[in-house]
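Right, one structure below, let's go through it.
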2 protein chains.
Amino acid sequence: MELGHTDVTGTVQEGAREGNHNPKRCDAINSVLNRVGDKWSVLLVMSLAQGPCRFNELKRRVDGISQRMLTLTLRGLERDGLVKRTVYATIPPRVDYELTPLGHSLREPIEALGHWAFDHYECIVAARAEFDAKQ
Amino acid sequence: MELGHTDVTGTVQEGAREGNHNPKRCDAINSVLNRVGDKWSVLLVMSLAQGPCRFNELKRRVDGISQRMLTLTLRGLERDGLVKRTVYATIPPRVDYELTPLGHSLREPIEALGHWAFDHYECIVAARAEFDAKQ
DNA sequence: CAGAATCCGACGAGATACTG
DNA sequence: CAGTATCTCGTCGGATTCTG
């Protein structure tokens, strides 16, 4: 995954030339992109925006997610330090998930994306219709 | 894909209650998320940031992309109105791709994401190491 | 040069069943 | 309730080959 002399932050690398890029920056972009690219991750982060939530409550909120994907996605978010998992040793068991400060900080760029989506949706739909009409 | 009373723009819906969400907003979020979630799309948008570019030049810039995916991704971006395709009837043929104003506007939220990624990368790597150590 | 078409393998993700 | 463990099927995407 190399972009020549440009990266996804939009900054142009100083001494950039053919084959000379910033591998660390590339890794950073990639891992975050993979996380944000994952639709369940984004949905979960936004579902956890207002506060802690239990497993099954999350399952209800994020309609359509399977138990398996909910578990896997939460694990991934926890591993990345975006979500904190708290187990209460009660019967029946209770597990709360909540955003860490890092998780909260991710909301900003995600919401920026959400706003862009909403603001330009009509535009995109129109473009699609026009494109399809030509085929 | 429903979020109960929250959506990815972070705004809380006015009269939101169980099962009452904004389907149009959901569609908008989804289609944009799918596009941004697609790693090649993001990479291509950023590769086209500085100006028009030919097919094979793009293939060289976005290292690792297959011809097939380059074609398909460019088609998708063109269909969404993010990229403009210009064919020059020369021999050999020449096709230029460039961002539309809409495509350029998408750079902002993408770059915001890129900056977040870079700024918090160390943090994420550390979290992962800690998480993995506990297993 | 800029694709279109075909083949095919790997992996993502749903459904289902079981457990502490 | 909050998971884990399989199994399976669909599609995504890479490699290869062919064309105007």
Side-chain angles (χ1 to χ4, degrees), chain A residues 1-2 30-31 33-45 47-48 51-80 83-99 131-132 134-135, chain B residues 1-2 30-31 33-45 47-48 51-80 83-99 131-132 134-135:
Chain A
M1 191 69 37
E2 309 170 5
N30 266 325
S31 59
L33 233 52
N34 286 335
R35 186 136 296 307
V36 174
D38 178 28
K39 91 179 179 187
W40 297 128
S41 292
V42 174
L43 258 19
L44 282 177
V45 167
S47 281
L48 289 171
C53 189
R54 301 179 60 170
F55 186 84
N56 276 328
E57 172 62 20
L58 273 176
K59 190 157 184 282
R60 253 170 268 123
R61 282 201 207 169
V62 181
D63 191 275
I65 193 170
S66 66
Q67 194 174 44
R68 171 189 156 83
M69 288 320 291
L70 179 54
T71 302
L72 290 179
T73 307
L74 283 171
R75 285 288 177 279
L77 292 171
E78 188 192 358
R79 189 173 105 98
D80 284 2
V83 160
K84 183 185 165 200
R85 178 170 178 267
T86 309
V87 181
Y88 299 93
T90 59
I91 296 178
R94 171 195 178 117
V95 179
D96 271 16
Y97 292 93
E98 63 182 319
L99 291 185
F131 183 90
D132 293 345
K134 288 179 183 169
Q135 318 300 328
Chain B
M1 193 67 38
E2 309 172 5
N30 266 325
S31 59
L33 232 52
N34 287 335
R35 187 136 296 307
V36 174
D38 179 29
K39 90 180 182 189
W40 296 129
S41 291
V42 174
L43 259 20
L44 281 177
V45 167
S47 282
L48 289 171
C53 188
R54 301 179 60 170
F55 187 84
N56 277 328
E57 172 62 20
L58 273 177
K59 189 157 184 283
R60 252 170 269 123
R61 283 200 206 171
V62 181
D63 191 275
I65 194 171
S66 66
Q67 193 174 48
R68 173 190 156 82
M69 287 320 292
L70 180 55
T71 301
L72 289 180
T73 307
L74 284 171
R75 284 289 177 279
L77 292 171
E78 188 191 359
R79 189 173 106 100
D80 284 2
V83 160
K84 183 184 165 198
R85 178 169 178 268
T86 310
V87 180
Y88 299 94
T90 59
I91 296 178
R94 171 194 179 119
V95 179
D96 271 15
Y97 291 93
E98 63 181 319
L99 291 185
F131 183 90
D132 293 346
K134 288 180 183 171
Q135 318 300 326

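We use all heavy atoms of the structure for the numbers below, so side chains are in, but hydrogens, waters and symmetry mates are not. Since the structure is predicted, the reported quantities are computational estimates derived from the model, not experimental observations.
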Measuring from the side chain of A:M69 (C-beta onward, heavy atoms only), which nucleotide among C:dA13, D:dG13, D:dT4 has the closest atom? C:dA13
Most 5' of A:P92 and A:T71 on DNA chain D, judged by nearest nucleotide: A:P92
Report yes if at least one side-chain N or O of A:R85 is closer than 4.0 Å to OP1 or OP2 of D:dG3; otherwise report no. yes
If you look at every heavy atom in B:V95 and B:V87, which pair is closest and at what distance? CG2-CG2, 4.2 Å
At under 4.0 Å, does any side-chain N or O of B:R54 touch on OP1 or OP2 of C:dA2? yes
Rounded to whole angstrom units, what separation is found between the CD1 atom of B:I65 and the P atom of C:dA2? 14 Å
Do you know the tightest heavy-atom contact between B:F55 and B:L70? O-CD2, 3.5 Å
Quantified as the angle between the terminal helix axes (five pairs each), what is the overall bend of the helix from C:dC1-D:dG20 to C:dG20-D:dC1 to 10 degrees? 50°
Quick check: on DNA chain C, is the nucleotide nearest A:R68 upstream (toward 5') of the one nearest A:P93, or the reverse? Name the residue that is more 5'. A:R68
Inter-residue atom distance B:N56.CG - B:R94.CZ, 0.5 Å rounding: 12.0 Å
Out of D:dG3, C:dG14, C:dA2, whichever nucleotide has its closest atom nearest the side chain of B:Q67: C:dA2
Member of A:N30, A:T73, A:D80 meeting the side-chain hydrogen bond (donor to acceptor under 3.5 Å, both in side chains) criterion with A:R35: A:D80
Nearest whole Å is fine: how far is C:dA4 C1' from B:R75 CZ? 10 Å
For atom CG of B:L70 and atom C1' of C:dG3, their distance in whole Å: 10 Å
Roughly how far apart are A:Y97 OH and A:L58 CG, rounded to 0.5 Å? 8.5 Å
Picking from B:R60, B:K59, B:R54, what satisfies side-chain hydrogen bond (donor to acceptor under 3.5 Å, both in side chains) with B:E57? B:R60
Looking only at side-chain N and O atoms, does B:R94 come under 4.0 Å of OP1 or OP2 in C:dG3? no
Reckon B:Y97 touches a base, only the sugar-phosphate, or nothing at all at heavy-atom distances under 4.0 Å? sugar-phosphate
Atom NZ in B:K39, atom CG in B:L44: separation rounded to 0.5 Å? 11.5 Å
Distance in angstrom units between A:L72 CG and D:dG3 P, rounded: 12 Å
How long is the line joining CG of A:N34 and C1' of D:dC12, in whole Å? 15 Å
